[in-house]
J.: 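So that we are looking at the same thing, I have put the structure below in structure tokens.
Start at 1 and go down the list; that is how both ligands and their atoms are numbered.
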Amino acid sequence: MAVVDPLIELRDVNKYYGQLHVLRDINLSVGRGEVVVVIGPSGSGKSTLCRTVNRLETIESGTITIDGEPLPEEGKGLARLRSEVGMVFQSFNLFAHRTVLDNVSLGPLKVRGRRRDEAERRSRELLDRVGLASQAAKYPAQLSGGQQQRVAIARALAMDPKVMLFDEPTSALDPEMINEVLEVMQQLARDGMTMVVVTHEMGFARSAANRVVFMADGRIVEDRTPEDFFTNPSSDRAKDFLSKIL
Ligand code: ADP
Ligand code: MG
């Protein structure tokens with residue numbers, strides 16, 4: 001879909017793993033403050049798409065720009081860009097031997113060169129925002145999965161990203177913990193954060209997404225508003241997918 005003020009823009013992006021053509025002619029714009037939910041069958045390229053946006057993966061052709069700047073190949077530019085694109089994965093990847101507070105403040109301290117008191121003050125604010133102000137001194141293993149994922153979100157936010165990418169952030173969680181994470185994400189969306197969210201949580205897609213992007217076999221098959229997509233999917237692939245999950 002055409003977007004007025006794109007923060008992320010992918011044009012004709014193609015990626016291969018060896019012979020496997022995983023991203024095929026991807027064109028995607030994400031506007032400032034927009035929430036784009038990406039859905040599709042397993043193996044359709046959703047994670048690869050996320051990973052190309054912060055250059056964890058190289059691409060064979062096409063262009064990716066973030067806030068008007070082409071993705072740098074390597075070096076300082078790349079490190080800066082990565083710090084502007086926050087990423088939250090299915091597995092939380094917290095530092096096990098660091099406290100919750102340290103997990104959130106290490107990035108700003110090491111990468112951004114902030115002063116410790118400043119970094120910790122801001123980290124406490126972010127922990128408060130994700131509902132974990134009282135857990136700052138604990139270690140990750142002392143928290144539930146839902147709490148750990150909220151720490152991971154606070155940690156990503158601590159770098160002041162322009163955009164947040166979520167790759168199935170609730171898929172590894174016990175059912176009773178899914179909502180506490182989705183609620184934090186809903187609030188972020190309401191606060192105006194630009195977000196790309198890969199998820200199977202269709203309730204979240206309906207209520208938080210400005211657009212739903214449906215992928216199959218490395219292609220974007222549909223890119224529509226949630227109302228349109230859920231009431232009137234136009235492709236057989238999307239109809240088939242929805243019939244299996246709804
Ligand atoms: P999704 O997230 O939609 O399930 P992925 O982006 O993880 O899909 O994977 C897309 C395709 O690329 C799949 O066929 C997967 O097996 C393959 N793939 C993913 N990562 C690698 C890799 N590092 N090396 C080779 N093939 C990969
Ligand atoms: Mg995936």
J.: Under a 4.0 Å threshold between the charged nitrogen and the carboxylate oxygen, would Glu84 count as salt-bridged to Arg82?
T.: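 Not counted as a salt bridge, because no side-chain N and carboxylate O are separated by less than 4.0 Å.
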J.: Strictly below 4.0 Å, N to O, side chains only: are Arg51 and Asp167 in salt-bridge contact?
T.: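 A salt bridge is absent here (no side-chain N lies under 4.0 Å from a carboxylate O).
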J.: Heavy atoms of the protein only: does one fall short of 4.0 Å from atom 21 (C) of ligand 1?
T.: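 Yes, at least one protein heavy atom sits under 4.0 Å from atom 21 (C) of ligand 1.
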J.: Would you please determine whether Ser44 falls within less than 4.0 Å of ligand 1 on a heavy-atom basis?
T.: yes
J.: Would you mind checking if Glu120 and Arg116 are paired as a salt bridge, meaning a charged N to carboxylate O distance below 4.0 Å?
T.: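 Yes, charged N to carboxylate O under 4.0 Å.
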J.: Residue-level breakdown please: for Thr48 versus ligand 1, do any non-hydrogen atoms fall below 4.0 Å on the side chain, on the backbone, on both, or on neither?
T.: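 Both of them.
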J.: Considering both backbone and side-chain atoms of Glu57, is one of its nitrogen or oxygen atoms within less than 3.5 Å of a nitrogen or oxygen in ligand 1?
T.: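 By distance alone, the answer is no.
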J.: Is the shortest distance from a heavy atom of Pro41 to ligand 1 less than 4.0 Å?
T.: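 Within the 4.0 Å threshold, so yes.
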J.: Would you mind checking if Asp223 and Arg211 are paired as a salt bridge, meaning a charged N to carboxylate O distance below 4.0 Å?
T.: yes
J.: Counting only heavy atoms, which portion of Leu20 has something under 4.0 Å from ligand 1: side chain, backbone, both, or neither?
T.: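 Looking at Leu20 and ligand 1, just side chain atoms fall under 4.0 Å.
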J.: Could you list which atoms of ligand 1 come closer than 4.0 Å to a heavy atom of Val22?
T.: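 Those of ligand 1 that fall under 4.0 Å from Val22 are 10 (C), 11 (C), 12 (O).
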J.: Taking both backbone and side-chain atoms of Gly45, is any N or O found less than 3.5 Å from an N or O belonging to ligand 1?
T.: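 Yes: some nitrogen or oxygen of Gly45 is under 3.5 Å from one in ligand 1.
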J.: Ignoring hydrogens, tell whether any protein atom lies closer than 4.0 Å to atom 16 (O) of ligand 1; use the non-hydrogen atoms only.
T.: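 Under 4.0 Å from atom 16 (O) of ligand 1, zero protein heavy atoms found.
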J.: Is Ser42 close enough to the Mg ion (ligand 2) to have an N, O or S atom under 2.8 Å?
T.: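 Checking Ser42: none of its N, O or S atoms is under 2.8 Å.
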J.: Taking only heavy atoms of Ser47, which atoms of ligand 1 are found under 4.0 Å from at least one of them?
T.: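 Selected atoms, number and element: 1 (P), 2 (O), 6 (O), 7 (O).
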J.: Quick one: do Glu57 and Thr52 satisfy side-chain hydrogen bond (donor to acceptor under 3.5 Å, both in side chains)? Show the steps, please.
T.: CA-CA 5 Å; Glu57 300 284 355; Thr52 59; over 6 Å; no
